[in-house]
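One structure below.
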Amino acid sequence: MLSFIRKRAIASLISLVGLLVLVFFLSRLTGDPASLFLPVEASEEMKAQFRELHGLNDPIMVQFTRYVGDVLTGDLGQSLRKARPALDVVTEAFTWTLWLASITMSLVAGAAIVVGSLAAFRAGGFFDRLSSILSLIGASVPDFWLAIVAIVIFSVQLAWLPTSGTGTLLHWILPICVLFIRPFGIIVQVVRGSMITALSSAYVKTARAKGIRSGPIIFIHALRNAMLPVITVIGDQAASLLNGAVVIETIFGFPGVGKLMIDSILQRDFNVVLAAILVTALAIFLMNLLIDIAYALLDPRIRH
Amino acid sequence: MRKTIMLAALILGSALSPAYAASGPIKIVLPEEADLLEPCMATRSNIGRVIMQNVSETLTELDVRGDKGLMPRLAEKWEQKPDGSWRFHLRQGVTFSDGTAFDAKDVKYSFDRIMSDKNACESRRYFGGMTVNAQVVDDRTIDFNVDPVQPILPLLLSLVTIVPEGTPLEFVREPVGTGPYKLTNWTPGQQIVLTARDDYWGQKPQVTEATYLFRADPAVRAAMVQTGEADISPSISQLDATNPATDFSYLDSETVYLRIDHNIEPLNDVRVRRALNLAIDREAFIGTLVPDGALLATAIVPPPTLGWNPDVKVFPYDPEGAKKLLEEAKADGVKVETPITIIARTANFPNVTEIMEAIQSQLQEVGFKVDLKFVEVAEHEGYYSKPFKEGRGPLLVAAMHDNSKGDPSFSMFFKYASEGTQSGFSDPKVDDLIRRASAAVGDERAKLWSELIAYLHDEVVADVLLFHMVGFSRVSEKLDFKPTMATNSMLQLSEIGIK
Amino acid sequence: MTAHTTESPIAEEPGVIRRFGRMLLADKFAFCAAIFLIVMILLAIVGPSWFGDIAIKQNLRGRNLPPFDWERGWIWWMGADALGRPLLARIIVATQNTLMVAAGAVVISAVVGTVLGLIAGFSSPRVNQVIMRLADVIMSFPSLLIAVIVLYLLGSSILNLMLVLAITRIPVYLRTTRAEVLEIRERMFVQAARVMGASSKRILFRHILPVVFPTLTTLATLDFAYVMLAESALSFLGIGIQPPEITWGLMISQGRQYLTNAWWLSFWPGLAIILTTMSLNLLSNWMRIAFDPVQRWRLEMRGSTNG
């Protein structure tokens, strides 16, 4: 296991560096931050001076060498727009995102596995049909609908919860509930499908034939076998949350990494883009590593 | 006994309350967070709305509520000397929020800091094409020698925020100023808090503390004032402005227009440009896609601006006339069938998609071939500003321009002079008028600007001017505040009363 | 859907259409879903030519006309949008672009992802490592940045739009397939097949793909909804479909600001997306049973008792 992790870490590090190099060069092909930072009336001299000030006039290889040098000393550069270290900006936002993503995904995973398995147990039954329809609606509803409607009902009409912002635990309820729905819908469907396959597979039938009548034992046995695709999809959904929940952040004024990333991409604040990708990529790489370890734990036959 | 005293106090209190208005903290919800609170960037609206005249003050101030014109702020009075330079007499007894006293050296330093090459201060753009030399005469007097002579220097100085001498030349995140408030808390992504200063030189404002919150969604901003989570939202959507007790509309100094690229056929033909203008039913937009109260534009600057010309009439909606002009042009060999592309920026202003789709269909109605292309901000900037791309087709760039500063010079050079960065043409008479008007003063200045506005609109048909937009704000009923034309770029807390 | 029917080995048997038709009738939900999808495909084909003109006819006086006004023509039953254009006609016209982009993006990502996943699961550890780390990189690459880069380097077109959407969805298919392959290849029957000398290709297509397939179709049908909604976000950047062209996703985002005043602007296109996703999902659940020799009896039993 340890040698597996070591190999994996090296490979991940190489691909992380590759990712950053790719982003560094590609993002610089997409336009000039000077004309975005300065007002449209700014003269060419002002723009030229802005580029000079931030080293954007140098040949791209010189910029790259300088960036690599800075990164090696632990400096990810300054944010063009915020005049503060890019890494600070990103870690602040990412802390919020990480909390939101972990709370939401824990709730989603728990609820979806229970609902999905119950639906699979009586496939075609009433509960299965109901949960399927609801989860499919959940998976295909535009998230801003839910967000705005939730605010209108729970904050404006009933005045139970604050509309938006941060501060108290109450502020977390609406964002989490809205964020919950789409991944829940998807994972319920995946759990259901893979449980149906597992329950109809040969060994569960064998177990039943052998006279194991107890529901829970069969259930748990099947669940264990159904988990591989389920955790993969949970991982996929978690990754998209770790990249930031843009709509939620925009509507609820939640200070996460998603809106920061979009704003920095649109404003060509390259240092923040790179720092944000570095941080989210680290989290996603780590999560995928944990998922691969989980495969091995679930099914000891899988070796890496 | 105690009861009667309390009762007396109560009666006295209530009797006195009209005279001593209440005071207290308020919350303001804005659409966009300030990325930095740098005084020399205060002319950018997301920064200016927080710090302009609240934390950082200027020498002069334009009256946007009445018609007092330019008013004193940190300067008590000013005069132009015979050689054309300006002398400013500064207010005494003013201190910065860090405790240091304000004097002429701070003014010079602030000015030099803006011009420094160690930063990218935005307010420097107002001093393009001139050399300004600030000279300290004594602690409370400063001279500005400007080459060439600058008649509106006092107005320009209403855009220069004063920082204490010794402020780093690089951008700062914690502004120090002479204003009635100081920054006491800034949690990026969440809130900015300004607290009233006890040692402010002027009248003590009623708002003791202002908390700024940031929400990108207009419906949420409106809901926050409704639920009491905020007291003022300076910009909400027209659709949410349904409660007359709290919601106000105001002319917000933004002008929407289509910039025409005169260099490319068929837009180089004045008949074609006139046909574009006649084909658009501007009236039909008002009260539908553009809110009631918006004005049809005849100039790139809104009416209260110096030299705005009431004699220039909006192009009538005349599709037949447009068709006829196009036929004439066609008969003369102008390729009027060349597809014209409208470039618009997504989310540039409310309903931009629908407005542009409607304009496209109105233009097609009279026989133009029109494509519509929506682009993100960086790409839009590439189309809007020079250098223009080689090999481009005929383009109309939809853009919005903001001038709440009372003088057309902030617009005309950039939008219409041959050298202007967003100018789509070159006309010697326009260049000459701009040059002369910029150097003129008083009535002569107003007359020249009026002449330019008429010439651009009627003779050159420089662009397709559309609307002076209105904004909507929601103000809690417990506050006494009317938004003005400048609310987009500045929100003075001292103008907010608490009922 | 039809492609699978013909590829399937069962298709070679006689009377297969009738047999499947009967099985489809046996599951009423799947039957309705199939009808709905056929109608949608027909609308996608004829919609733009039949309703193209009425869908772009503006009428500023009839803005945001509410739905269910039976006095007016049927085309107005869903109300009108912010420019007074009938929503029903716009939804019909938008079907073509919407389904084309969604199907394109989902098929590209599913096929590429599955193939890469199979390769990763089956080849040497080194190749596996390379492919999987590539998936990690794609997963952590913000889709908006991919979009901006594609926009600047390749320009905007419908094909590029599909490409951007497809790239971002590859990792989930890739990872799911690989995970299943890792497990299945250790199973008894695969080991047995291998001992008996079956080629890797045969093992792959005969033994492994059928087991992976149901999970992948579930994912793909759900991705349809995701892609239809995500596509409108990219229109914001000027990639692919922009007004005056329409898609359901674009209609939803245009109706966003009217959500509290004129809900119907974004409701109908949203409903169209939900119904399409649901139909695809019901049909794929039915297919899972219909194509599984072990479970097929369920449908056939019901089919024979019904018929």
Side-chain angles (χ1 to χ4, degrees), chain A residues 7-8 11-12 14-16 18-19 22-23 26-27 29-31 124 129 132-133 136-137 139-145 148-149 152 185-186 189-190 193-194 196-197 200 225 228-229 231-233 235-236 239 243-244 261-262 265-266 273 276-277 280-281 284-285 288 291 295 299 301-302 304, chain C residues 29 125 129-130 132-137 139-145 148-149 151-153 171-172 175-176 178-180 182-183 186-187 211 214-215 217-219 221-222 224-226 228-229 233 237 249 252-253 256 259-260 266-267 270 273-274 276-278 281-282 285 288 292 294-295 298:
Chain A
K7 268 188 209 147
R8 178 64 178 269
S12 295
I14 295 171
S15 39
L16 188 61
L19 172 69
L22 200 68
V23 172
L26 287 179
S27 63
L29 296 176
T30 64
R129 291 292 188 194
S132 275
I133 289 175
L136 284 170
I137 292 178
S140 34
V141 148
D143 37 11
F144 74 87
W145 272 13
I148 301 271
V149 170
V152 168
I186 291 172
Q189 285 301 313
V190 175
S194 126
I196 288 178
T197 312
S200 70
N225 280 286
L228 283 186
I231 45 177
T232 314
V233 175
D236 173 64
N243 273 326
M261 184 97 83
I262 286 204
I265 291 171
L266 291 181
V273 174
I277 290 178
T280 53
I284 289 170
F285 283 24
N288 284 342
I291 288 175
Y295 289 160
D299 192 338
R301 288 172 306 175
I302 296 179
H304 294 279
Chain C
F29 285 92
Q129 187 77 282
V130 169
M132 294 317 290
R133 298 299 74 76
L134 199 68
D136 286 359
V137 166
M139 258 171 124
S140 24
F141 210 107
S143 48
L144 185 86
L145 187 59
V148 172
I149 291 168
L151 173 70
Y152 270 78
L153 300 186
V172 67
R175 292 189 59 91
T176 312
R178 193 202 59 137
E180 294 265 32
L182 286 184
E183 192 246 348
E186 305 301 331
R187 278 198 202 161
V211 182
T215 312
T217 37
T218 306
L219 278 176
T221 54
L222 293 166
F224 247 79
Y226 172 81
M228 287 189 241
L229 293 171
L237 296 176
I252 292 182
S253 65
R256 174 174 175 162
L259 195 60
T260 45
S266 65
F267 176 79
I273 291 182
I274 292 173
T276 308
T277 314
M278 212 179 268
N281 195 275
L282 287 170
N285 284 344
R288 162 183 297 199
D292 185 348
V294 184
Q295 298 194 46
R298 299 183 192 215

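We name chains A, B, ... by the order of the sequence lines, and we start the count at 1 in each one.
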Can you check whether A281(A)'s main-chain N or O pairs, donor with acceptor, with D136(C)'s side chain at less than 3.5 Å? no
Assert top hit (heavy-atom pairs under 4.5 Å, partner chain C, pool I265(A), I133(A), L29(A)) equals I265(A)
Checking V152(A) against chain C: side chain, backbone, both or neither under 4.5 Å from a heavy atom? side chain
Under 4.5 Å from any heavy atom of chain A, what part of L259(C) do you find: side chain, backbone, both or neither? side chain
Taking every non-hydrogen pair under 4.5 Å, which of L134(C), T218(C), T276(C) racks up the most with chain A? T218(C)
Flag the one option from I277(A), T30(A), L136(A) with the top tally of heavy-atom pairs under 4.5 Å to chain C. T30(A)
Exercise: identify the closest heavy-atom pair between W145(A) and F267(C): CZ2-CA, 3.5 Å
How many angstroms lie between atom OG of S12(A) and atom CD of Q129(C), to the nearest 0.5 angstrom? 7.0 Å
Value for CD (E180(C)) from OG1 (T232(A)), rounded to nearest 0.5 Å, stands at 7.5 Å
Between the CD1 atom in I137(A) and the CE atom in M278(C), the distance rounded to the nearest 0.5 Å is 4.0 Å
Less than 4.5 Å to any heavy atom of chain A: does that hold for the side chain of Y226(C), its backbone, both, or neither? both
Heaviest contributor of heavy-atom pairs below 4.5 Å to chain A, chosen from T277(C), I273(C), L145(C), T215(C), is L145(C)
What is the distance from atom CZ of R8(A) to atom CZ of R133(C), rounded to the nearest 0.5 Å? 3.5 Å
Part of I274(C) within contact of chain A (heavy atom distance under 4.5 Å): both
Sequence-distant partners of N285(C), side-chain contact (heavy atoms from CB on, under 4.5 Å), two or more places apart: Q189(A), R192(A), N281(C)
Supply the atom-to-atom distance M139(C) CE to N243(A) CG, rounded to the nearest 0.5 angstrom. 9.0 Å
Could you look at L22(A) and say if it's the side chain, the backbone, both or neither that has a heavy atom under 4.5 Å from chain C? side chain
Would you say Y152(C) has more than 12 foreign heavy atoms packed within less than 6.0 Å of its OH? yes
Using a 4.5 angstrom heavy-atom cutoff, name the option from I186(A), V149(A), T280(A) with the most pairs to chain C. I186(A)
Is there side-chain contact between L229(C) and V141(A), with heavy atoms separated by less than 4.5 Å? no
So which heavy atom on S140(C) is nearest to which on F285(A), and how close? OG-CE1, 3.4 Å
Between L266(A) and chain C, with a heavy-atom cut-off of 4.5 Å, which part of the residue counts as in contact: side chain, backbone, both or neither? side chain
For chain C, which of G18(A), A139(A), P142(A), A239(A) has the most heavy-atom pairs under 4.5 Å? P142(A)
Chi angles and distances behind the side-chain contact (heavy atoms from CB on, under 4.5 Å) call for R175(C), N288(A): CA-CA 10 Å; R175(C) 292 189 59 91; N288(A) 284 342; 3.5 Å; yes
